Trainee: 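Before we start, here is the structure in question, set down as structure tokens.
Treat the numbers as computed from the prediction; the structure is a model and nothing was measured. Any value given below was found using the heavy atoms of this structure, including those in side chains, with hydrogens, waters and symmetry copies removed. Counting starts at 1 for both ligands and their atoms, in listed order.
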Amino acid sequence: MIKRYALGTALALIVSATAAQASGEVNVYTYRETKLVQPLFDAFTKESGIKVNVISASSGLEQRIKTEGANSPADVLLTVDLGRIDDAVKAEITQPIKSEVIDKNVPAQYRDPDGNWTGISMRARVIYASRDRVKQDAITYEELADPKWKGKICIRSGQHIYNNGLFAAYVTKHGEAKAEEWLRGVKANLAQKPSGGDREQARDVAAGKCDIGIGNTYYWALMMNSDPDKKPWAEATKVILPTFAGGGTHVNLSGVLLAKHAPNKANAMKLIDWLAGEQAQKIYADTNYEYPIRAGVDVNPTIAGYGKLNADPMPIAKIATNRKAASTLVDKVGFDN
Ligand SMILES: [Fe+2]
């Protein structure tokens with residue numbers, strides 16, 4: 001009797017597990033704001049019939065997935081910035097994405113050589129220059145250390161992930177010694193102690209505190225198109241796409257990772273492939289003002305107005321190896337002091 005009961009329970013468990021898989025769900029853990037990603041998930045569900053359960057947080061998702069271990073419901077981690085992508089890989093919560101769709105549509109420099117992550121869209125780290133006071137329309141990152149900008153540059157903390165990515169790219173391009181010299185030069189040119197977010201750099205340019213601010217491409221578009229209070233900050237500035245001397249513009253990613261113990265792996269792969277598809281790429285371009293990672297999808301007109309993006313060819317995985325060095329240099333030169 002006891003034996004039969006136990007067998008019944010075991011069967012019931014098998015049946016319910018099968019039912020959960022057949023119901024077509026995928027669990028997404030994300031750092032992205034719900035309003036930014038919900039249109040994507042709605043479109044995916046409409047097309048695939050697969051329900052997307054979203055768990056969003058502003059921090060600690062890697063640790064949460066790690067703590068949940070083999071029982072983690074996480075299928076997919078959707079995140080931004082090479083720093084966070086790299087943190088997730090280091091936390092060993094991922095498994096390789098094996099997909100011909102991804103390999104075909106995402107350029108190799110924007111994918112992990114080991115398959116642990118893939119970029120889904122791009123953003124560039126650029127200059128918000130005063131329309132009144134900055135005459136030039138082109139600039140290099142190297143030039144930010146030129147004394148001609150003394151007292152004229154505004155930027156957020158050098159330890160913020162966006163700057164860490166840019167500085168790590170500089171280290172990758174020029175080596176640590178040159179990067180240190182450059183960071184000292186940029187530091188010497190700052191109008192004020194690093195503070196605020198990217199939008200505040202445009203605010204301070206508009207207020208005349210500095211001539212150039214450093215920020216990501218999508219913030220300027222958001223200020224211009226979706227935030228009437230901040231529109232004057234965008235209007236006072238023009239976006240210049242800087243390049244490395246002899247190279248291109250520093251690009252960072254929003255990316256996706258497949259969780260190590262994904263319980264709905266097949267659906268997770270469907271979602272990941274779908275994110276690189278034309279419809280999702282169009283939504284990223286128009287809702288989030290990000291650059292599509294897939295060739296042939298139009299950039300949003302506001303973003304296109306910055307000029308043609310010539311992305312630097314350095315692989316993102318290579319830049320990620322210099323994150324620590326960049327962070328150490330920021331402390332060493334007292335960038336944030
Ligand atoms: Fe951001």
Trainee: Mind checking whether Y162 and Y218 have parallel, tilted or perpendicular rings, split at 30° and 60°?
Mentor: perpendicular
Trainee: Between K324 and D86, is there a salt bridge with N-O shorter than 4.0 Å?
Mentor: no
Trainee: Below 30° counts as parallel, above 60° as perpendicular, anything between as tilted: where do the rings of F244 and Y141 land?
Mentor: tilted
Trainee: Around the Fe ion (ligand 1), what protein N, O or S atoms are found below 2.8 Å?
Mentor: Y162 OH, Y218 OH, Y219 OH
Trainee: Between E180 and R184, is there a side-chain N and carboxylate O pair less than 4.0 Å apart?
Mentor: yes
Trainee: Measure centre to centre between the rings of F335 and F167, then say whether the value is under 6.0 Å.
Mentor: yes
Trainee: If the threshold is 4.0 Å, N to carboxylate O, is there a salt bridge linking R64 and E68?
Mentor: yes
